[in-house]
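Contents: one structure, followed by commentary.
Residue numbering restarts at 1 for every chain, and letters A, B, ... go by the order of the sequence lines.
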Amino acid sequence: MIEVEALTKRYGAFTAVRNLSFSVRPGEVLGLVGPNGAGKTSTLRCLSGVIPASAGSIRIAGHDLAADPVAAKRALAFFPDEPRLFEYLTVRQHLAFVARIYGVARYEELARPLLEELELVEKADVLPGELSRGMKQKLVIACGLLHSPSVIFFDEPLTGLDPLGIRRMKDSIMRRARDGASIVLSSHLLHLLEEICTHVLILKKGDKVADGTIAEVAAQFSNGEAGVNLEEVFIRATGGSET
Amino acid sequence: MIGALLYLRLTSLRNLVVFRVGRLRQPKYLVGTAVAIAYFYFVLQQRLAMPGAPAAASAPAIADTRMIGMAFICVGLSALALIRVAFAWIAPAEKPALRFSEAEIAFLFPAPITRRALIHFRLLSAQFAILFTSVLMAFFFNRFGYAGGNRALQAVGWWVVLSTFDLHLNGTKLTLARLREKASGFLLWRAAAVAAIALYVLAVAWSAAAFASASPPGNLAGAREAERFIPGLLGSSPLHWLILPFRIAFGPYSAAGAREFGVAMIPALLLLALHYYWVSSTEASFEEGSIALAEKRTAAKAAAQRGDLPAAGSSRPKGRAGPFPLSPRGPPEIAFLWKNLLSMRSSLLNRRTALLFLWIILCVSLVLRPLLAEYARSNRAEAYGLLVVALCCIVAAYTLFVGPQIARQDLRNDLPNADILKTYPIEGWRLALGELLAPTAVLSLVLWFCILVSTFAVDPKGEAGWLTSGVRVTIVVCLGSAAPLLCFMQLIVPNAIMVLLPAWYQASRSRGAGIEMFGQRLIFTIAQFLLALLVALPAACAAALIFFSFQWVFGVGPAIALASAAVLTVLASEAAVGLWWLGWRFEKFDLSTESK
């Protein structure tokens, strides 16, 4: 469960996210959309505890992120848009390291099917420098899912993946949601969001423009038209301009 | 076409200057520039205040000294150049390359430009760096008083030397590429070239030895003997003819006056022109190698910005077994120790580091040889002990002050992964502790080695009679206990600078040249030193107070132990506060905003 109340993030005089409130229940997938500079990444980074919020409260799996960050972080996984890996740790060593950090006992049993699912078994003993971008992305995912998080944040999860990888990633996200995870994902690929998200939140200049199920948001911007897709909704909601 | 390339170079240069001047609006660059200018002002003022070499006729003694100095510089640099050229023939790159940036490759290689024009562009690009280096060399070599005279003429002299060498190296690369393209006889050509270089070196050595045996040099440390011997040696036949190309190249630089310089310039420019003809007329494929080289340089630059040492040669890092089995249960700090030790093994224990150590050992041996000979003559066994202690002190000081800049497998190395680290369910101080453990362990090992060796190197006779076995053990235990804390504190300082001033830190790690970067690095070095003194001061005061108060009552050994306990308490308290602050600051900091 993710509960966000009046989240505000300021960088000096600039406000990136203003008074944002929403919640994501277990099993829900929230799509975070908005033009470039709308505050999506800042929101995700605040939610995952990477940067502190300037104001407001965030609860992850019932734990206040500001008051009890360790407990909150134990329940979450954050996947940044760019895979960040340790240069001198092999795929297997990455998993061993993460297992120790999260205290995942008998992680080998969990790691094996994960590596198989992500087709990393043959690359288990190579360094990140020898992996393609897609493979690196998969390794980041394996590391993030090792501790079975109940809250997952994805920032542009499909960047760098091949068509098969995209299909698998979509399936994986939906399966995690079915298993009860609360998921927030930020992406510019609106057709992807339409496919896998149960809810959508549109941001513009740090303000929430719309929030609800895809049907609710579509209804809000359809002006009575039928069959309005998310792309059309996005353009109408954001005024068709970047800022 | 050359006009367009010249435009690119000059416009880029102009924009670089405008950019650098423009960013002086940011305090980090302004302060860096101010410090660097102040440094250069004082250094250059000192240099300019030094008496240059007067006219040769009016001061023959100084002129002779200058001639000897010049001879050493020229011979030394010639030897280095020869080694570099020989190396190019012995171990040529698989794909010969000329140095282009990735952007230059992207724009120029597919452009309708001839290969020759690309070579000209490369030569032109190199000229900017050569001109700058020549001016610097003219100023800084002058400090030794060897060169003296007119700095402008010396700068031109340096330009001739560096340009000739650059052309020669490029000519060699292109010739090798050409020979490789022909495939047949490549190895034979290489073998012939290496044999020719070897024969040349042998001929030089033989002719020098022949002159030395005919005219024994005596004690070369004496100035008069050297003044007699060196000109005779360089002028002797056949050495005079063997080193003629080098004499021509160094002629303008070593010229004593304007007239001599003018005369020396004629053959030097002719030699330069010949090299230019060689390079510009050699048709060879260098594109593939240049692309690989540009990629390698970009990767090395990125690695340097991350704080990693560049990998040796072209070898890619390989996966290694962990330093110890990592159980999934237990304190998470150990996971960071494990990870950073792994990283340290890969980035520090490589061919480059081994070569660096060999080089240091060679230099130290050369310096120490006369000292050791002197001690051997004096036949004082204890002198060896003192020498060992002195060496250990030097190594320990370097470990404490320079070590943290080399062993940086801590928060600094993980800066690009800060976002990931911050999602880990660990308190900031524990994360910081884990990150600092590996470099602390390595630096502490070096210190322990120095403490052990130096403690037992001194012969406890005579004046050192108080150094009984008991006192020695006490010293080892006490200093050994304090060593990890000292290393830890020293490592907290650069990490604290990194999280406190990430923008400064990021800027100072980049390889980007510039006076402001130099100034920033200078500020960091001074800050590290001052902060180290600041944290050591309370501990030192407490130790001194306790030692002098209690040595009369309990004796030296117990007093040292008590003083050490005080030192440990103070240092541990400081380390705890530093660690807590570092963790707290790391939790709060956002690289994406603070590094702008």
Side-chain angles (χ1 to χ4, degrees), chain A residues 9 11-12 14 16 41-42 45-46 48-52 63 68-80 82-108 124-130 140 143-144 146-147 149 153 155, chain B residues 299 302-303 306-308 311 316-348 409 413-428 430-431 434 584 587-594 596:
Chain A
K9 179 63 191 173
Y11 297 109
F14 173 71
T41 299
S42 289
R45 284 156 63 85
C46 286
S48 54
V50 173
I51 52 174
H63 304 285
D68 192 0
V70 173
K73 286 177 180 180
R74 210 175 282 285
L76 69 83
F78 171 56
F79 301 101
E82 196 62 37
R84 306 247 185 244
L85 295 162
F86 299 106
E87 201 180 354
Y88 294 107
L89 260 57
T90 63
V91 169
R92 204 189 299 278
Q93 286 167 340
H94 266 92
L95 293 169
F97 174 72
V98 170
R100 175 68 171 244
I101 296 292
Y102 286 89
V104 185
R106 291 157 61 185
Y107 76 96
E108 291 96 337
D125 293 313
V126 304
L127 292 174
E130 295 173 58
V140 168
C143 290
L146 193 66
H147 66 287
F153 301 109
D155 193 1
Chain B
R306 283 197 306 274
D308 294 343
R316 301 183 72 168
K318 292 183 176 64
R320 292 166 186 263
F324 52 83
L326 183 68
S327 155
R329 292 277 187 204
E333 292 90 330
I334 303 302
F336 286 95
L337 171 68
W338 178 84
K339 172 183 80 67
N340 290 340
L341 282 177
L342 241 174
S343 165
M344 209 171 252
R345 276 171 61 188
S346 300
S347 57
L348 285 182
Q409 276 70 19
N413 203 39
D414 269 342
L415 195 61
N417 292 325
D419 280 8
I420 293 299
L421 298 183
K422 291 175 81 175
T423 64
Y424 290 159
I426 308 172
E427 291 91 341
R430 295 187 74 177
L431 194 141
W584 172 80
E587 281 177 352
K588 300 290 168 209
F589 116 119
D590 179 8
L591 183 67
S592 63
T593 56
E594 296 190 65
K596 280 174 187 167

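Here the straight-line distance linking atom CD1 of A/Ile101 with atom CD1 of B/Ile334 works out to 10.5 Å at 0.5 Å rounding. For the atom pair A/Tyr88 OH and B/Met344 CE, the distance stands at 12.0 Å (nearest 0.5 Å). Between atom CD1 of residue A/Ile51 and atom NZ of residue B/Lys588 there is a gap of 12.0 Å, rounded to the nearest 0.5 Å.
Looking only at side-chain heavy atoms (C-beta outward), A/Val104 and B/Pro328 stay at 4.5 Å or farther from each other. Side-chain contact between B/Trp338 and A/Arg100: absent, with no pair of heavy atoms (C-beta onward) separated by less than 4.5 Å.
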With side-chain contact (heavy atoms from CB on, under 4.5 Å) as the test, would you mind laying out the steps for B/Ile426 and A/Val70 before giving the verdict?
CA-CA 6 Å; B/Ile426 308 172; A/Val70 173; 5.8 Å; no

For a side-chain contact (heavy atoms from CB on, under 4.5 Å) check, start with the C-alpha distance between A/Glu87 and B/Ser343, then their side-chain angles and the critical distance, and finish with the verdict.
CA-CA 8 Å; A/Glu87 201 180 354; B/Ser343 165; over 6 Å; no

Going through the distances and angles, do B/Ile420 and A/Phe79 end up as a side-chain contact (heavy atoms from CB on, under 4.5 Å)?
CA-CA 9 Å; B/Ile420 293 299; A/Phe79 301 101; over 6 Å; no

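A donor-acceptor pair under 3.5 Å links the side-chain atoms of B/Lys422 to the main chain of A/Val50, judged by distance alone.
Only the backbone of A/Arg106 has a heavy atom closer than 4.5 Å to any heavy atom of chain B. Using a 4.5 Å cut-off between heavy atoms, A/Pro80 touches chain B through its side chain atoms alone. For a residue to count as touching a neighbouring chain, one of its non-hydrogen atoms must lie under 4.5 Å from one of that chain's; by this rule B/Leu431 does not touch chain A.
Take B/Lys339 and apply the salt bridge (charged side-chain N to carboxylate O under 4.0 Å, His left out) test, not counting sequence neighbours, and it matches B/Asp414. Every ring-ring contact (aromatic ring centres under 6.0 Å, His included) that A/Phe86 has, sequence neighbours left out, goes to A/His94, A/Phe97.
Across every non-hydrogen atom of B/Arg329 and A/Ala105, the tightest pair is NH2-CB, 3.3 Å. Closest heavy-atom contact between A/Arg84 and B/Asn417: CB-OD1, 3.3 Å.
Between A/Arg45 and B/Asp419 there is a salt bridge, since at least one side-chain N of the basic residue sits less than 4.0 Å from a carboxylate O of the acidic one.
Of the listed residues A/Tyr107, A/Tyr102, A/Phe78, the one with more heavy-atom pairs under 4.5 angstrom with chain B than any other is A/Tyr102.
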